[in-house]
There are 2 protein chains.
Amino acid sequence: MGLRERKKAETRQAVHQAALRLTVELGFDAVTVEAIADAANISRRTFSNYFAAKEDAVLYGEEQRIQELVEHIRRRPAGEPGWAALCGAALELYEEQGVAADREWAMRTRVARRHPALLARQLGNQALLEHELAVEVASREGLDADALRPRILAAAFLAAVRLATLVWLDERESRPLDEVLRASLAEMGEDFTPAR
Amino acid sequence: MGLRERKKAETRQAVHQAALRLTVELGFDAVTVEAIADAANISRRTFSNYFAAKEDAVLYGEEQRIQELVEHIRRRPAGEPGWAALCGAALELYEEQGVAADREWAMRTRVARRHPALLARQLGNQALLEHELAVEVASREGLDADALRPRILAAAFLAAVRLATLVWLDERESRPLDEVLRASLAEMGEDFTPAR
DNA sequence: GCGCAAATTTGCGCAGTGGGTAAAGTTGCC
DNA sequence: GGCAACTTTACCCACTGCGCAAATTTGCGC
């Protein structure tokens with residue numbers, strides 16, 4: 001990776017950090033693109049070269065995490081069935097990131113929850129991701145990617161991960177995140193008949 | 001309901017219709033708020049009194065449908081467990097609406113899928129709804145609304161309904177929607193282990 | 001080192017948006 | 001009929017996303 005691309009990645013990260021920090025401090029609506037650009041030492045116009053909207057700048061961390069998740073899933077053992085691969089990848093990613101990342105994660109989730117515009121954008125991104133996941137699951141189960149089952153698994157998985165984070169936050173982070181994550185994935189994987 | 005409120009509801013509906021029609025005809029981005037307002041015979045400023053954003057005007061149909069769904073769930077037999085109540089309400093709502101509503105539904109879903117901004121907003125609205133559903137499920141299963149299980153059920157249910165509609169569209173509406181819906185809910189309700 | 005093509009940043013401008021404010025117009029009710 | 005409450009509207013302003021072209025920076029062969 002040349003200097004050009006490295007610098008670009010650096011700037012993107014700086015813009016993201018600035019956007020996230022300012023949003024936490026002042027609230028999403030109170031932060032203008034200009035303020036973010038100033039904090040990251042670029043012009044307002046250049047901000048638009050990096051992100052199509054303020055939301056994207058704040059959520060870029062999620063974006064990155066999501067890309068990693070997809071990578072992890074692709075790297076799971078070839079024979080592993082879809083649901084197991086999804087769950088395995090999520091837990092793998094979590095422990096790889098280390099507990100230090102928890103605080104970042106918590107911050108992003110809190111911000112996304114507080115501001116509907118951010119929540120919406122985040123879910124929109126996830127919906128796009130859902131298709132990629134479905135493709136991976138389909139290939140593992142010998143199904144068509146447009147079939148119902150792979151799409152159900154992908155959607156259920158994303159919902160389980162999202163809920164785990166929310167519940168973890170609601171519990172004031174009193175349990176380790178991976179414990180909640182395991183519980184959430186397990187609950188989603190079980191059938192939903194009431195007799196338990 | 002007095003004349004005042006009746007007229008207001010009428011206007012809201014007219015604005016929604018105009019927004020949806022213009023979006024289908026021209027594409028979401030090519031339609032300005034001003035054009036919608038003109039088509040609905042109100043001023044641009046009044047548009048803002050009815051909807052906070054263009055997206056909301058286009059998606060108002062979804063909003064209404066969602067409200068009805070919540071009503072249906074509340075009216076399900078008291079003893080019925082959570083998942084069954086959700087599924088029952090969805091199917092009930094579908095057959096009550098009649099097949100004529102299918103075309104409307106298809107149109108809205110197509111529009112929402114074509115335009116990321118609409119998709120995002122729609123999912124954001126659903127996330128808010130998710131909590132209401134979780135409350136209902138929790139009360140039926142004697143759990144706390146903040147607990148994991150009711151939230152999982154609510155999220156899984158919404159995802160299943162959403163996917164059913166998408167798959168139905170992908171299949172060019174060759175099967176009746178309720179058939180796909182049943183299949184989707186069933187698949188989501190089953191456990192996800194690969195042996196089937 | 002040097003220069004030049006390619007990529008990146010920036011300033012400027014424009015159409016569009018969301019919302020505050022206050023004036024003008026409606027409606028419900030006594 | 002009149003008045004209080006509500007709704008619509010015009011006007012305005014800060015902000016956004018993006019096209020365009022000039023200025024700047026970078027990569028690379030020489």
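Proteins come first, then strands; the chains are lettered A, B, ... in the order of their sequence lines, and each starts at number 1. Values below: all heavy atoms of this structure, side chains included; hydrogens, waters and symmetry mates excluded.
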Report task. Assess whether one donor atom and one acceptor atom, taken from the side chain of A:Arg45 and the base of D:dG17, lie less than 3.5 Å apart. Result -> no
From [atom1] of [X] over to [atom2] of [N], roughly how many Å is that when rounded to an integer?
X: A:Arg12; N: C:dT9; atom1: CZ; atom2: P; value: 10 Å
X: A:Asn49; N: C:dT10; atom1: CG; atom2: P; value: 9 Å
X: A:Arg6; N: C:dT8; atom1: CZ; atom2: C1'; value: 16 Å
X: A:Lys54; N: C:dT17; atom1: NZ; atom2: C1'; value: 13 Å
X: B:Lys8; N: C:dT27; atom1: NZ; atom2: C1'; value: 13 Å
X: B:Glu5; N: C:dT26; atom1: CD; atom2: P; value: 20 Å
X: B:Glu34; N: D:dA10; atom1: CD; atom2: P; value: 10 Å
X: A:Phe47; N: D:dC15; atom1: CZ; atom2: P; value: 14 Å

Can a side-chain donor-acceptor contact be found between [Y] and [X] if the only test is distance below 3.5 angstrom?
X: B:Glu63; Y: B:His16; value: no
X: B:Arg121; Y: B:Asn125; value: no
X: B:Gln13; Y: B:Gln64; value: yes

Query raised in the report: For A:Lys7 and C:dT8, is the shortest distance between a side-chain N/O and OP1 or OP2 below 4.0 Å?
Result: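 For C:dT8, neither OP1 nor OP2 has a side-chain N or O of A:Lys7 closer than 4.0 Å.
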Query raised in the report: When you check the phosphate oxygens OP1 and OP2 of D:dT9, does a side-chain N or O of B:Thr46 lie under 4.0 Å from one of them?
Result: yes
Report summary line: By the Watson-Crick or G-U definition, both distances under 3.5 Å, D:dC30 is matched with C:dG1
**Report entry** cation_pi(A:Arg175, A:Trp168) dist<6.0 Å, angle<=45
**Finding:** no
Requested in this report: Scan A:Thr32 against the nucleic acid and name what it touches under 4.0 Å (heavy atoms): base, sugar-phosphate only, or nothing.
Outcome: sugar-phosphate
Query raised in the report: Which is true for A:Tyr50 with a 4.0 Å heavy-atom rule: it touches a base, it touches only sugar-phosphate, or it touches nothing?
Result: sugar-phosphate
Query - Closest-nucleotide ordering on DNA chain C, the 5'-leading residue of B:Val31 and A:Asn41 - result: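 The residue mapped nearer the 5' terminus is A:Asn41.
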Requested in this report: Using the six-membered ring wherever Trp is involved, compare the ring planes of B:Phe157 and B:Trp83 and label them parallel, tilted or perpendicular (cut-offs 30° and 60°).
Outcome: perpendicular
Query raised in the report: To the side chain of A:Ser43, which of C:dG11, D:dT16, C:dT8 is closest?
Result: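 Nearest to the side chain of A:Ser43 among the choices is C:dG11.
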